[in-house]
Amino acid sequence: MQNTINKSQVIIIGAGIGGIATAARLARRGMQVTVLEKNEQPGGRLGCMSLDGYTFDTGATLFMMPELYARTFADLGERMQDHLDLRRIDPTYHLTFPDDSQLQLTSDMQQMRGRLEAIETGSFERMLHYLGDAGRIYDLSMPKMLGRDFRSLPEFINPRMLQVFLRVKALTRHTDYIRRFFKDPRLQMAFTFQDMYMGLSPYDSPATYSLMQYTELADGLWYPMGGMYRVTEVLTGIAEKLGVHFIYNAPVEKILVGDGVATGVQLADGRVLPAGTVVANADLGYVYRNLLPDAAAADRIDRKEYGCSTIMFYWGLDKQYPQLGPHNLFLNGDYRLSFEEIFKHTGMPDEPNFYIHAPVRLDSSMAPAGHDTWYVAVPVGHINKKISQDWPGLQAHARDFILQRLARLGLPDVEAHIRTEVSFVPQDWQERYNLPYGSTHGLSHKLTQMAYLRPHNRHSRYHNLYFVGASTHPGTGVPTVLISAALAANRILEDAGR
Ligand SMILES: Cc1cc2nc3c(=O)[nH]c(=O)nc-3n(C[C@H](O)[C@H](O)[C@H](O)COP(=O)(O)OP(=O)(O)OC[C@H]3O[C@@H](n4cnc5c(N)ncnc54)[C@H](O)[C@@H]3O)c2cc1C
């Protein structure tokens, strides 16, 4: 059977950024690719919503590691600058600490020196040291861990790789590591909170993720005019130009398998579509549990650890708030306990941290004139059926807390100016995109779920079934998923003898 199937006939389940990028790569190499997406539009967690004149990016808002995006465009025969109008964001973040003091992070080292030294003497030089080390971690992790297709355990566990783990600080906890550089808790927070983007607590994550602080300040944090959703739109357009056929409102119900190969898919409406190659971009845990027959394999994935979720508020406001920057982070309560509540107890702290993305100060097209568009994210634990979780109660508490916190900081009238409001709780993430436990970042990126130890891009039994996306190797975040697409596509092409 394996010899008779036409591997060039490809079906991809899901038009997330991983599915789109894989599709475009395969179509460029002459394969016939159909993408089936359950929703009415592409993008998945790189999504967008337009309401009453307000445009909201619904998931990803931070464009970082631009060279990884650029590489995808280049591999598709395109130039990123012909498609995306990127603007550098500086200051990168407006941070507000629990004691109401504030710090703006910037790539302008003169300004950074003044800001850091005002908090802790000597901290600027130590930050340079920290970022220098983080740059070396970034340069080493990219080829040796993130961008590498590990195919066997000995490729991963060997003396050379042990050296790599040590050099990328994979065996050191990030919060322990940061204490070597800064005494002031605010600086410790300012250079570790980004671990949440990987769905991780900095108290559990390896210091390897200091590479994120490096890349944000060294390579920059960027904004594509029109919003992050432009990335979805332009890559979908390029894929279509290369011949990819996208079918929306087409939920897949089953991956058809037989004789050790995947033979196609069955849609929820009963249609059967044959394929010689099947790529699952829908989240991996969902695919094992719902689309494949092997319950034991699904149980094995289930025993892995998932990252956190978020409660979201998308607010269209009939007033602008120049006090906010494009990316604002409000850290509240006890830093350590806030992560314990989210990651150990799968709950939400009484005084939750929150992030506001306010793109209008970069891009007036995101709201009617004089109005503001806010994306407010509150990290929370994922759905946990073993305990009772009162999501409507937590959602109401988070909303009140945010409004009160902003009032204390000099913005007392926000609620009165909310004209349009949409809110998500973890169940919404689960239902919209089939994300297990509503985990917005998929499988966690702790040490034992990284590199070779993360689910691979090819199924171990069905060798023409591939996985791409946040819960596979190398992991979550748009640039990382773009690497996942490159690895999956290369493997597919290799297996097809192309
Ligand atoms: C709130 C939030 C904030 C984030 N912030 C950032 C950020 O600032 N920067 C950054 O780089 N990354 C960020 N991320 C992470 C990033 O958005 C994701 O890692 C990335 O978009 C995941 O892409 P994917 O292709 O793996 O999966 P998905 O986006 O989940 O795509 C999978 C697709 O499969 C579809 N699907 C599921 N089941 C089926 C089925 N049965 N049949 C057909 N289709 C199906 C889904 O509808 C979806 O469209 C954020 C994510 C979230 C949720």
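Counting starts at 1 for both ligands and their atoms, in listed order. Counting begins at 1 with the first residue of the sequence.
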Checklist outcome for this item: Logged contact type for Phe467 with ligand 1, heavy-atom cut-off 4.0 Å, is neither

Next on the checklist: Surrounding CZ of Arg151 (heavy atoms of other residues, nucleotides or ligands, distance under 6.0 Å), is the total greater than 12?
Outcome noted: yes

Checklist entry - Is the count of non-hydrogen atoms from other residues, nucleotides or ligands lying under 6.0 Å from Arg88 atom CZ greater than 12? => result yes

Checklist entry - What's the shortest distance from atom 47 (O) of ligand 1 to any protein heavy atom, and which residue and atom give it? => result Glu37 OE2, 2.7 Å

Item to check | Tyr375 N/O to ligand 1 N/O under 3.5 Å | outcome: no

Checklist outcome for this item: Quick look: Trp429 vs ligand 1, heavy-atom contacts under 4.0 Å, and the answer is side chain

Next on the checklist: Could you check whether Thr472 and Ser484, counting side-chain N and O atoms only, form a donor-acceptor pair closer than 3.5 Å?
Outcome noted: yes

Next on the checklist: Can you confirm whether or not the ring centre of Tyr93 sits under 6.0 Å from the ring centre of Phe193?
Outcome noted: yes

Checklist entry - How about Trp222 and Tyr69: are their ring centres within less than 6.0 Å of each other? => result no

Next on the checklist: Looking only at protein heavy atoms, which one is nearest to atom 24 (P) of ligand 1, and what is the separation?
Outcome noted: Asn281 ND2, 3.7 Å

Item to check | Region of Val252 engaging ligand 1 - heavy atom pairs below 4.0 Å | outcome: both

Checklist entry - Which bit of Leu62 gets closer than 4.0 Å to ligand 1, counting heavy atoms only: side chain, backbone, both or neither? => result both

Item to check | Heteroatom proximity flag, Leu435 to ligand 1, N/O under 3.5 Å | outcome: no

Checklist entry - Heavy atom under 4.0 Å from ligand 1: found in Tyr286's side chain, backbone, both, or neither? => result side chain

Item to check | Side chain, backbone, both or neither: Asp283 near ligand 1, heavy atoms under 4.0 Å | outcome: neither

